[in-house]
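Everything on this sheet refers to the single structure shown next.
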2 protein chains.
Amino acid sequence: MIRAVASLSLNIDRSSPVPLYHQVVQGIESAIRSGELVPGTRLDNEIELAARLNLSRPTMRKAMDELVRSGLLVRKRGVGTQVVASQVRRHLELSSLFDDLQRGGSKPTTEVLTFSHTAADERIRETLQLPPDALIYHFTRLRKMNGKPLALMENWVRDDITEIDESSLGSRGLYEILRTAGVNFRLANQRIGAVRADDEQAVLLQAEPGAALVTMERTAVDDTGRQVETGRHAYRADSYSFEMTLVQR
Amino acid sequence: MIRAVASLSLNIDRSSPVPLYHQVVQGIESAIRSGELVPGTRLDNEIELAARLNLSRPTMRKAMDELVRSGLLVRKRGVGTQVVASQVRRHLELSSLFDDLQRGGSKPTTEVLTFSHTAADERIRETLQLPPDALIYHFTRLRKMNGKPLALMENWVRDDITEIDESSLGSRGLYEILRTAGVNFRLANQRIGAVRADDEQAVLLQAEPGAALVTMERTAVDDTGRQVETGRHAYRADSYSFEMTLVQR
DNA sequence: GTCAATCGTATGTTAGGACATATGTACATC
DNA sequence: GATGTACATATGTCCTAACATACGATTGAC
């Protein structure tokens, strides 16, 4: 059986500050997304590819490792490496709703409903691992997209990172503010579920009482191990859902 | 400032078929989960650790790479590597509800509501990328846990993998059946949202009409690039939610 | 006393080589 | 003609060896 073998050619710029393996990742990824590499095609073997690009095998391999991890390629020992899917959505990212919407080309607006800088209650102190006398920012926001209410968000943020005020929350996303303040998010635990809207939620989201809402609770940790933020969000189910790609390793 | 540096010691078995780097991963991971390595502690540097375990630096590094990727460790150039969090839940896995429940120690039961082996309609053919004359298995199941209805599941599975019948679906999970038939799942695209239960769903799930349900749509791809299965599930929101850990890379 | 240059340290990147092992195919055998 | 074995092939693992680069702390100059 003769199988199609792709002979993709990439340009590697050795004077670029971008690591070689990453240039390869980007090159292959864009070749897949552009349709140049159709799902199912087999790639040349690692050694061949490395030789063609004047790279060492470990470097080539590291690039392919990343692509395998992200689900674009599949390796089979003794057989070869082939393209799996072109439609891999980006892994559910550590981003905020604001980022997502803005990237989607929409114009999100934010209304700050409540805002306080007070002592944290015990549940929050525990979640964010704060000492008994710690202060936190606590606020609720209503996010609209194109004038239509989309999400109701309640967040608690530790106050030893940066100063947060009502007006900045109105114009920028929370994660954007925190990132600007030097926070590097590393991981987040989140839980997605559903509830029926109570009267207050229904009014704010301009939905019927009892309408289905998607709920999301999240606690985010930065690269120093601090629990930076925790929040409880509710989205109109008719306007929002969580999409993700799971990759088996 | 003097920081605690952990001097963990592991046993590496060079005669084991388990790769060395993976033995290190397992060792450090269990040390973290057991509390031996407290979040915040700094590890010795890569070269030091490698030397102590009689491993090369690349091998040690590969092990630490995995741990960083899974969110247990954090590296900072010029500084060192430290333990982030002990409470990382396992990444949302490519598993079925059946697997999850069984692992949780519960006894799931499955009731097959409908079952057919027929021609695929266009939508399904497109989703699973099948030719016009393809046949598929189509079935709906009701899953209970401890006698209580939990999920209503509708699935479409291509029929060129293994024979599926009603009775095996009643006793085993779908993913278990497919894995036994040699399917190696690689990735899945899924979407999580919410709806209100319609009358039929309410009756089957023993919930009130209009109750909130968590919905999940998923299409799974195996390591040969085939779209193996697609499905639409609805869970009682009061009994089920999706938990996951996101890792920023 | 403050600030900037310097230096040690740890991770980041790349190279090149060697051997192990799973897979599929082609060939030889029965 | 069916079956099993041997071989080529491609990935999997592991090693040694450098050099690059970012960060923190110390040192030195002003």
Side-chain angles (χ1 to χ4, degrees), chain A residues 1-7 12-26 28 41-69 73-84 182 184 186 223-224 249, chain B residues 1-7 12-26 28 41-69 73-84 182 184 186 223-224 249:
Chain A
M1 176 184 174
I2 301 171
R3 276 176 291 187
V5 174
S7 300
I12 301 296
D13 176 8
R14 299 191 80 95
S15 67
S16 161
V18 178
L20 300 180
Y21 70 86
H22 201 249
Q23 291 186 37
V24 177
V25 169
Q26 291 175 327
I28 296 182
T41 42
R42 223 183 73 216
L43 264 58
D44 284 336
N45 69 60
E46 297 173 350
I47 299 176
E48 179 70 21
L49 279 170
R52 186 126 39 86
L53 299 175
N54 284 314
L55 299 172
S56 71
R57 189 188 163 200
T59 301
M60 191 64 216
R61 204 174 150 70
K62 174 152 188 174
M64 294 174 80
D65 267 346
E66 296 222 355
L67 291 162
V68 168
R69 240 190 299 140
L73 297 182
V74 161
R75 280 201 278 229
K76 272 192 182 171
R77 185 178 196 153
V79 180
T81 304
Q82 66 176 167
V83 179
V84 175
N184 296 305
R186 260 315 107 114
D223 60 0
T224 64
R249 296 193 306 188
Chain B
M1 176 185 174
I2 300 171
R3 277 176 291 185
V5 174
S7 302
I12 300 297
D13 175 8
R14 299 190 81 94
S15 67
S16 161
V18 178
L20 300 179
Y21 70 85
H22 200 249
Q23 291 186 37
V24 177
V25 169
Q26 292 175 326
I28 297 182
T41 45
R42 223 183 73 218
L43 263 56
D44 284 337
N45 69 59
E46 298 174 348
I47 299 177
E48 179 71 21
L49 279 171
R52 185 128 36 89
L53 300 174
N54 283 313
L55 298 172
S56 72
R57 188 187 163 203
T59 302
M60 191 65 216
R61 204 173 149 71
K62 173 152 190 176
M64 294 174 77
D65 267 346
E66 295 222 355
L67 291 161
V68 169
R69 236 187 299 141
L73 298 182
V74 161
R75 280 200 279 230
K76 274 191 179 169
R77 189 179 196 153
V79 180
T81 305
Q82 66 177 163
V83 180
V84 175
N184 296 305
R186 259 320 105 117
D223 59 1
T224 65
R249 297 195 303 188

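In the text below, chain A, chain B and the rest are named by the order of the sequence lines, each starting its count at 1. Hydrogens, waters and symmetry mates play no part in the numbers below; they use all other heavy atoms, side chains included.
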Legend entry - Per-nucleotide protein contact string for nucleotides 5-13 of chain C (B base, S sugar-phosphate only, - none; heavy atom under 4.0 Å): ----BBBBB
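Atom CD of A:Gln82 is separated from atom P of D:dT11 by 11 Å (rounded to the nearest Å). Across the protein-nucleic acid pair, A:Leu73 atom CG and D:dT11 atom C1' stand 13 Å apart, rounded to whole Å. Rounded to whole angstrom, the span from the CZ atom of B:Arg14 across to the C1' atom of D:dT13 amounts to 11 Å. Rounded to whole Å, the distance from NE2 on B:His22 to P on D:dC14 is 11 Å.
Evaluation of the side-chain hydrogen bond (donor to acceptor under 3.5 Å, both in side chains) rule for A:Arg77 yields no partner, not counting sequence neighbours. Taking the side-chain hydrogen bond (donor to acceptor under 3.5 Å, both in side chains) definition, one finds that A:Thr59 meets it with A:Ser56, sequence neighbours left out. Qualifying side-chain hydrogen bond (donor to acceptor under 3.5 Å, both in side chains) partners for A:Asn45, counting only residues two or more places apart in sequence or in other chains: none. Under the rule for a side chain to side chain contact (heavy atoms under 4.5 Å, CB included), the partners of A:Arg75 that lie at least two apart in sequence or sit in another chain are A:Glu46, A:Arg61, A:Met64, A:Asp65, A:Val68, A:Thr81. With sequence neighbours left out, the side chain to side chain contact (heavy atoms under 4.5 Å, CB included) criterion links B:Asp13 to B:Ser15, B:Ser16, B:Gln23.
Among the heavy atoms of the strands lying under 4.0 Å from B:Thr59 are primed sugar atoms or P, OP1, OP2 only; no base atom is included.
Smallest separation of non-hydrogen atoms from B:Leu49 and B:Asp44: CD1-O, 3.4 Å.
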